Amino acid sequence: MTILMFDIDGTLSLSQGAGTLAMSRTFKELWGIENALDGMNFAGRSDTWIVPTALANQGRDCSADDLARFIDRYVPHLGDALVERDSRLCPGVLPLLEALSREPVTLGLGTGNFRRAAEAKLAPLGIWDYFVDGGYGDDHPNRTELLAAGLERLRRHADNGADAVVIGDTAHDIEAGHAIGARVVAVKTGYSDPGDLDGADIVLEDLSDLDASMSALLR
Ligand SMILES: [Mg+2]
């Protein structure tokens with residue numbers, strides 16, 4: 001049995017900037033900050049890293065209450081922005097999830113998104129219900145820690161000794177995946193620069209070749 005932990009942005013789906021747009025609107029609405037994310041490189045970063053870091057850039061602290069208020073405003077903005085930006089699945093994702101759901105695997109998420117943001121991104125694309133659980137930005141700002149939290153949760157759905165595979169699109173996914181003892185399959189559909197994915201165990205152009213993807217994941 002294998003536990004699969006999928007990253008969302010650039011791996012399962014492309015939000016075409018909807019997350020950034022929705023966050024920018026939320027920063028403006030809550031704190032009057034314009035263009036809060038300008039100049040930040042947050043590919044592969046967690047939402048709980050991005051929000052406090054953007055506030056720190058403005059010389060502000062981020063309390064637990066600030067973060068909770070942010071999520072409450074951000075999730076509805078995100079729903080609107082995903083429609084505006086025409087978010088979509090990455091190539092081959094739906095047939096792959098359908099095929100994996102017939103295999104003895106535990107399908108999970110390993111994403112820096114807030115859990116509610118993950119659902120807002122995946123439910124309209126019809127794939128939220130494939131995943132039994134996961135690790136989310138809410139669990140920890142650090143990607144290794146949030147993947148570890150997710151893996152612990154997913155182990156409750158899997159056999160003892162199940163191996164873990166992390167699927168992602170950035171060097172952060174690779175580093176964190178290896179840090180929790182997972183094999184890492186990287187895809188080039190997202191936000192990597194040449195060379196970023198060299199540390200992955202396998203690199204795929206995308207997930208559109210079903211046989212190649214299945215054997216990379218279930219080797
Ligand atoms: Mg990603």
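Index from 1, following the sequence. From a predicted model like this one, the values you see are computed outputs, not experimental measurements. Basis for what follows: all heavy atoms, side chains included, without hydrogens, waters or symmetry-related copies.
Under a 3.5 Å cut-off, the side chain of Arg85 and the backbone N or O of Gly19 do not form any donor-acceptor pair. Listed for the Arg88 side chain is no donor-acceptor partner under 3.5 Å among the backbone atoms of Gln16. Panel note: side chain Asp169, backbone Tyr191; a donor-acceptor pair is recorded below 3.5 Å. With Asp173 contributing its side chain and Thr170 its backbone, the two residues share a donor-acceptor pair below 3.5 Å. Using modelled atom types, one side-chain atom of Thr53 and one backbone atom of Trp49 make a donor-acceptor pair closer than 3.5 Å.
To the nearest 0.5 Å, atom CG of residue Leu12 and atom CG of residue Leu207 are 8.0 Å apart. Taking CG of Asp9 as the start and OG1 of Thr11 as the end, the distance is 8.0 Å to the nearest 0.5 Å. With rounding to the nearest 0.5 Å, the separation of CD in Glu103 from CG in Leu217 is 10.5 Å. To the nearest 0.5 Å, the span separating CD1 on Ile180 from NE2 on His178 amounts to 10.0 Å. Atom NE2 in His157 sits 7.5 Å away from atom OG1 in Thr106 (nearest 0.5 Å). Ile50 contributes atom CD1, which lies 8.0 Å from atom CG of Asn113 (distance to the nearest 0.5 angstrom).
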Run the side-chain contact (heavy atoms from CB on, under 4.5 Å) check on Met214 and Leu96 step by step: do they pass? CA-CA 7 Å; Met214 289 293 277; Leu96 176 63; 3.6 Å; yes
Before giving the answer on side-chain contact (heavy atoms from CB on, under 4.5 Å), spell out for Leu14 and Cys90 the whole-Å C-alpha distance, their side-chain angles and the decisive distance to 0.1 Å. CA-CA 6 Å; Leu14 293 168; Cys90 291; 3.9 Å; yes
Asp66 and Arg69: CA distance, side-chain angles, deciding distance, salt bridge (charged side-chain N to carboxylate O under 4.0 Å, His left out) verdict: CA-CA 5 Å; Asp66 289 332; Arg69 288 202 302 148; 3.8 Å; yes
Can Asp139 and Arg153 be said to form a salt bridge (charged side-chain N to carboxylate O under 4.0 Å, His left out), step by step? CA-CA 11 Å; Asp139 290 313; Arg153 232 172 253 140; 2.7 Å; yes
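In this structure, Asp7 pairs ionically with Arg143, as a charged nitrogen and a carboxylate oxygen lie closer than 4.0 Å.
Grouping the Ile, Leu, Val, Met, Phe, Trp and Tyr side chains by contacts below 4.5 angstrom, directly or via other members, places Leu218 with Phe6. Note on Leu210: it clusters hydrophobically with Leu107, by side-chain heavy-atom contacts below 4.5 Å among ILVMFWY residues. Follow the hydrophobic side-chain contacts under 4.5 Å out from Met40 and you reach Val51 in the same cluster. If you chain together hydrophobic residues whose side chains sit under 4.5 Å apart, Val187 and Met5 never meet in one group. Hydrophobic clustering (side-chain heavy atoms under 4.5 Å, transitive across Ile, Leu, Val, Met, Phe, Trp, Tyr) keeps Ile174 apart from Ile202.
Residues Gly44 and His172 share a closest heavy-atom pair of O-CB, 3.6 Å. Thr48 and Pro141 get closest at one heavy-atom pair: OG1-CA, 3.3 Å. The shortest heavy-atom contact between Ser87 and Ser15 is CB-CA, 3.9 Å. Minimum interatomic distance between Ala216 and Val185 (heavy atoms only, all atoms of both residues): O-CG2, 3.7 Å. In this structure, Leu55 and Cys62 approach most closely via the heavy-atom pair CD1-CB, 3.6 Å. Between Ala179 and Thr144, the closest heavy-atom pair is CB-CG2, 3.5 Å.
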Which side-chain N or O atoms in residues 122-137 pair as donor and acceptor under 3.5 Å with protein atoms at least two apart or in another chain?
{"residue": "Tyr130", "atom": "OH", "partner": "Glu98", "partner atom": "OE1", "Å": "2.4"}

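Checked against Arg115 for a side chain to side chain contact (heavy atoms under 4.5 Å, CB included), the options Val75, Leu109, Asp138 give a single hit: Asp138.
With sequence neighbours excluded, the residues forming a salt bridge (charged side-chain N to carboxylate O under 4.0 Å, His left out) with Glu84 are Arg25, listed by chain and number.
Between Phe114 and Phe70, the angle of the ring planes lies from 30° to 60°, which puts this pair in the tilted group.
Using a 4.5 Å cut-off on side-chain heavy atoms (C-beta onward), Ile8 and Ser13 make contact. Contact check for Leu204 versus Ile167: no side-chain heavy atoms found under the 4.5 Å cut-off.
Counting non-hydrogen atoms of neighbouring residues, nucleotides and ligands closer than 6.0 angstrom, the CD atom of Glu205 reaches no more than 12 such neighbours. Remark: Glu145 CD is packed, more than 12 non-hydrogen atoms of other residues, nucleotides or ligands lying under 6.0 Å away. With a 6.0 Å radius and a threshold of 12 heavy atoms from other residues, nucleotides or ligands, Asp61 has its CG atom at or below the threshold.
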